[in-house]
Amino acid sequence: RPVKKERTELLRHLEIAGVRVVDIIPAFERAKAFGLLFDPYETHWTALGIEVAAHAIAQRIDSALTARAILRDTRYGVIDTILKTRGDLLDRVNKNGASTWYPFPVKRVLCPDGNLYRDDKKSEIMILGDSYVNHGKWWNAHLGAQIARLIGHPTRTYFSLLANTEGPCMFRLKPAMFPKNGIVIWAFSSRVLQYHLGSPGKN
């Protein structure tokens, strides 16, 4: 079955179950004219892709923050920085084993005291996901940092390679890591549905 159809059905069932859904594909469609959203050397978002996703999520959870009386009084800054990195696709396409570095622009988030952003392990806002939510964390520029900057409240990221396919089950496995009266953002990509459901010919 086509992934697009399955994604639509999944989002519909989540909404019926009372889960707030943020479909970032429309936002990506609008933003793709302004730059690359996926790194050509990476299987992950660019800084623009992360920012577009963060904006969509921040707007969607606005009322939930108010309902839970979560303070939004932290003023974060941002530094546009160009770093050098190697994309995770290079090892797969570069047969001779050469180390190819390329410039990678990021938006590094700053705390009000001027220090680079760090997740707050006690934050009521938890972001659960795979490498997409962790990408750029070592540069203080990941999805959680950008959401924190936009909503004015720190977040914390729980990164697991199993988070996409087993995200809902993790509450039963590790309930203590979830906020008691906060917000959990389970971020996953459409590729999860493809891997989970198999090829169209098998369904």
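FYI, side chains are in, hydrogens and waters are out, and symmetry mates aren't considered; it's all heavy atoms of this structure.
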Any side-chain heavy atom of [X] within less than 4.5 Å of one from [Y]?
| X | Y | value |
| --- | --- | --- |
| L83 | V106 | yes |
| I125 | L65 | yes |
| D80 | K107 | yes |
| T74 | P112 | yes |
| L116 | L110 | yes |
| I57 | L143 | yes |

Are [X] and [Y] joined in one hydrophobic group, where the rule is that I, L, V, M, F, W and Y side chains link up if heavy atoms are under 4.5 Å apart?
| X | Y | answer |
| --- | --- | --- |
| V133 | F38 | yes |
| I61 | Y132 | yes |
| V184 | Y158 | yes |
| L11 | W186 | yes |
| W138 | Y41 | yes |

Can you list the residues that meet the side chain to side chain donor-acceptor pair (under 3.5 Å) rule with [X], with sequence neighbours excluded?
| X | value |
| --- | --- |
| S123 | none |
| R72 | D62 |
| D120 | none |

For [X] and [Y], work out which heavy atoms get closest and say how close.
| X | Y | value |
| --- | --- | --- |
| F28 | L37 | O-CD1, 3.3 Å |
| P105 | P103 | CD-O, 4.0 Å |
| G144 | I127 | CA-CD1, 3.3 Å |
| V22 | R60 | CG2-CG, 3.2 Å |
| Y117 | A145 | CD2-CB, 3.5 Å |

Quiz prompt | Given D119, I50, I147, the one that forms side-chain contact (heavy atoms from CB on, under 4.5 Å) with H142 | solution = D119
Quiz item: Which is it for I183 and E124 under the side-chain contact (heavy atoms from CB on, under 4.5 Å) test, yes or no, and what are the steps along the way?
Solution: CA-CA 6 Å; I183 297 171; E124 309 98 318; over 6 Å; no
Quiz item: side chain to side chain donor-acceptor pair (under 3.5 Å): which pairs involve residues 175-184, sequence neighbours left out?
Solution: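 Not a single pair qualifies under side chain to side chain donor-acceptor pair (under 3.5 Å).
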Quiz prompt | Selection residues 45-58 - residue pairs positive for side chain to side chain donor-acceptor pair (under 3.5 Å), sequence neighbours left out | solution = E51-R149
Quiz item: Does any N or O in the side chain of Q146 come within less than 3.5 Å of the main-chain N or O of A53, such that one atom is a donor and the other an acceptor?
Solution: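 Side chain of Q146 to backbone of A53, a donor-acceptor pair under 3.5 Å: no, none is there.
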Quiz item: About how many Å separate CG of L71 and NE2 of H153, when rounded to the nearest 0.5 Å?
Solution: 7.0 Å
Self-check item: Reported OG1-to-CE distance for the pair T155 and M126, which is rounded to 0.5 angstrom
Solution: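 Going from OG1 on T155 over to CE on M126, the span is 11.0 Å.
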Quiz item: Who passes ring pair (Phe, Tyr, Trp, His ring centres under 6.0 Å) against F104, sequence neighbours left out?
Solution: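 Per chain and number, F104 pairs via ring pair (Phe, Tyr, Trp, His ring centres under 6.0 Å) with H135, W139.
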